[in-house]
Amino acid sequence: MSKKVRVRFAPSPTGPLHIGGVRTALFNYLFAKKHGGDFILRIEDTDQNRYVEGAEEYIVEALNWLAIPFDEGPGKEGGFGPYRQSERKHLYREYAESLIANGSAYYAFDTSEELNAHRKDHEANGKTFIYNWHNRLKLKNSLSLSETETQEKLAAGEEYVIRFKSPQNETLHLRDIIRGDMEIDTNVLDDKVLFKSDGMPTYHLANIVDDHLMEISHVIRGEEWLPSLALHVLLYKAFDWTAPQFAHLPLIMKPQGKGKLSKRDGDKMGFPVFPLEWKTIDGDLFAGYREDGYLPEAVVNMLAFLGWNPGTEKEIFTLEELVNAFELDRVHKAGAKFDPEKTKWYQHHYLQEMDESVLVDQFTALLKEKGIVNASNVATVVSLLKERATFMSDLWEQGNFFFERPVSYDEKASAKAFKAETPEILQNVVMILDQNIDFSAATISEKVKGWITAQEMGFGKVMMPLRLALVGEMKGPDVFEIASLLGKAETIKRIENAILAMDQK
């Protein structure tokens, strides 16, 4: 590639960033880094009616959390700014008028009421109203009006839009890196509005002008923009500019495979569809991967495989490995089915890969949030429970009994484990434990199991009520590991509490 690779992620600040948008940002980032290029963030906020406070900050924070920060963008000037379209609006009128000057666009004075009347008339006759070559000379625009009439309307301050003059009877040849060669009959294209009566450009004009001025080499965006490709290529031709290369990414589909993954699907099915938590002005709260306990590495690895694969069996990639392996020609055309369980699989892997000292620090912080300070044996508890954990919260759910004495006992398990002879059995266990100075798991296991064998008693009669006494539920690692970590005094106290609870029934 002779031209320097420059790609852009251009979201609209209209709310939280959907993971489809995050995937687009990631693929742009990977492509840029693979080719030693620049990854640019451009905020496309031309539609001020849909602007949402805090959305831009959310986008930046999400990219930083995922460790795919932009090289240029708001607050990171790179000589091609400003990077918010609302701060560039003085540029667009000039370019729109240059298209009028070269015959590629025209002023249109049709009112909304007039256009609606045309649409209704067409619908009544079973047709669809399209504003283009077949009717533009019958409508109210600078192509059908004389130069004098057009200038009078402009001088009088009549509202107008600037429309692109789509060509007639041409076959447009399009090339997409992912989808290959395509042909479009220009007769089916409508004359899109490029510049609105409020003085702001539409997405189509601003997008092309900004990509050209920012020297974007490759436009990597979602499949939903594929219908706009013909217009965008025609605009480059109209300006006599070299178009960038285009790549349209496949949709992210619902887990069941039918339909595009929507913002509401996560709430319905119990998984996030946003990188970070988002609270609307109405108070609605949408879950985020970060707040739900996912590691950014897991989210990045999961997103990379939504529509792309390396051509090998390898599924676990560091960000650096993704950069080295990523190629646009290995991106699929077909929609990528989202799999929440696969995301958890990645999360489990990366939690196991975490440095244990970091896990200990994070778990200690979690304990403090729950009011447990100066907890002992945290490192040992983490080591014991880590393999079973997918999220940091799992360490608490699976090991809360190490830090909080049971105040009740699982009813179903109690009915099975606590029998008439259980208090006497547990009293004997207390006596055995109390005699041991060495309270290691191996020693107390040997002593208690030796006694059970000598009594010719079923192990379940002792082990089930012992676990319930220490934990309150039938969960956790080896019961003697639990007792050893709790220590002799706490272990005996818990057994005595269980005996007392049985006596009170």
Side-chain angles (χ1 to χ4, degrees), residues 19 22-23 25-27 29-30 33-34 39 61-69 252 255 266 270-277 287-327 330 336 338-370 375 377-400 402-403 475-478 481 485:
I19 58 166
V22 180
R23 197 266 311 261
L26 173 64
F27 283 18
Y29 175 90
L30 296 176
K33 298 309 161 189
K34 173 71 179 272
F39 172 49
E61 190 177 348
L63 296 180
N64 288 336
W65 177 65
L66 292 164
I68 52 170
I252 298 177
F271 57 83
V273 294
F274 301 115
L276 316 178
E277 190 176 81
Y289 279 95
R290 182 178 67 182
E291 289 74 15
D292 274 15
Y294 285 87
L295 295 167
E297 298 91 339
V299 178
V300 164
N301 210 148
M302 172 272 289
L303 287 174
F305 274 76
L306 283 178
W308 170 86
N309 74 67
T312 67
E313 296 299 311
K314 182 176 166 72
E315 291 187 279
I316 302 293
F317 283 77
T318 64
L319 189 57
E320 185 180 356
E321 287 172 335
L322 283 173
V323 167
N324 292 332
F326 187 76
E327 292 292 353
R330 294 210 63 86
F338 182 75
D339 184 354
E341 292 308 310
K342 191 68 175 182
T343 315
K344 288 181 182 176
W345 180 84
Y346 278 116
Q347 169 64 19
H348 180 80
H349 170 82
Y350 281 103
L351 189 80
Q352 304 311 308
E353 292 287 301
M354 277 181 76
D355 187 297
E356 209 154 282
S357 65
V358 176
L359 270 176
V360 169
D361 288 344
Q362 291 187 8
F363 189 49
T364 301
L366 179 63
L367 291 174
K368 284 179 181 174
E369 285 176 21
K370 296 185 178 294
N377 298 318
V378 176
T380 311
V381 170
V382 167
S383 182
L384 268 177
L385 300 177
K386 178 182 168 185
E387 284 186 18
R388 295 182 179 92
T390 298
F391 300 97
M392 183 62 60
S393 58
D394 292 341
L395 293 175
W396 171 254
E397 287 167 17
Q398 293 175 19
N400 58 330
F402 281 112
F403 311 99
K475 69 176 186 181
D478 178 80
E481 292 278 6
L485 267 174

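This chain uses plain numbering: 1 for the first residue, then up along the sequence.
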Which label fits Phe363 and Phe403: parallel for a plane angle under 30°, tilted from 30 to 60°, or perpendicular past 60°?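 Correct class here is perpendicular.
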
Which atom names give the shortest non-hydrogen contact between [X] and [Y], and what distance separates them?
X	Y	result
Phe402	Pro477	CZ-CG, 4.3 Å
Ala25	Leu63	CB-CD2, 3.8 Å
Gln347	Leu295	OE1-N, 2.7 Å
Leu351	Ala389	CD2-O, 3.4 Å
Glu341	Asp339	N-OD1, 3.0 Å
Met354	Gln362	CE-NE2, 3.8 Å

Donor-acceptor pair, side chain of [X] and main chain of [Y], under 3.5 angstrom:
X	Y	result
Lys475	Glu397	yes
Arg23	Leu306	yes
Asn301	Phe317	yes
Glu291	Leu276	no
Thr364	Val360	yes

Enter the distance from [X]:[atom1] to [Y]:[atom2] here, rounded to the nearest 0.5 Å.
X	Y	atom1	atom2	result
Gln352	Leu359	CD	CG	8.0 Å
Lys33	Ile68	NZ	CD1	10.5 Å
Asn377	Leu485	CG	CG	5.0 Å

Looking at Lys34 and Glu327, is there a salt bridge between them, counting it only when a charged N and a carboxylate O are closer than 4.0 Å?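 Result for this pair is yes, salt bridge flagged.
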
Do Met302 and Tyr289 pass the side chain to side chain contact (heavy atoms under 4.5 Å, CB included) test, and can you show the C-alpha distance, the side-chain angles, and the key distance before you say yes or no? CA-CA 12 Å; Met302 172 272 289; Tyr289 279 95; 3.9 Å; yes

When the ring centroid of Tyr294 is compared with that of Phe391, is the distance short of 6.0 Å?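 Close enough - the centres of the two rings lie under 6.0 Å apart.
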
pair [X]-[Y]: side-chain heavy atoms closer than 4.5 Å:
X	Y	value
Glu297	Glu353	no
Thr343	Phe271	no
Val300	Leu303	no
Lys370	Leu366	yes
Arg290	Glu277	no
Leu319	Leu30	yes
Thr390	Trp345	no
Glu320	Val323	no

Which residues pass the side chain to side chain contact (heavy atoms under 4.5 Å, CB included) test with Ala287, sequence neighbours left out?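 With neighbours one apart ignored, the set is Pro272, Asp292.
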
List the residues meeting side chain to side chain contact (heavy atoms under 4.5 Å, CB included) with Ser357, not counting sequence neighbours, and say none if there are none.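 Expected list: Asp355.
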
Listed pairs under 3.5 Å, donor-acceptor, residues 309-316 side chains, sequence neighbours left out:
residue : atom : partner : partner atom : Å
Asn309  : OD1  : Gly311  : N            : 2.7
Asn309  : OD1  : Arg330  : NH2          : 3.4
Asn309  : ND2  : His332  : NE2          : 2.8
Thr312  : OG1  : Lys314  : N            : 3.3
Lys314  : NZ   : Ile316  : O            : 2.9
Glu315  : OE1  : Lys342  : NZ           : 3.4
Glu315  : OE2  : Lys342  : NZ           : 2.6

Under the side chain to side chain contact (heavy atoms under 4.5 Å, CB included) rule, what do Leu66 and Tyr29 come out as? Steps first, then yes or no, please. CA-CA 11 Å; Leu66 292 164; Tyr29 175 90; over 6 Å; no

Other residues, nucleotides, ligands: >12 heavy atoms within 6.0 Å of Lys344 NZ: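 No.
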
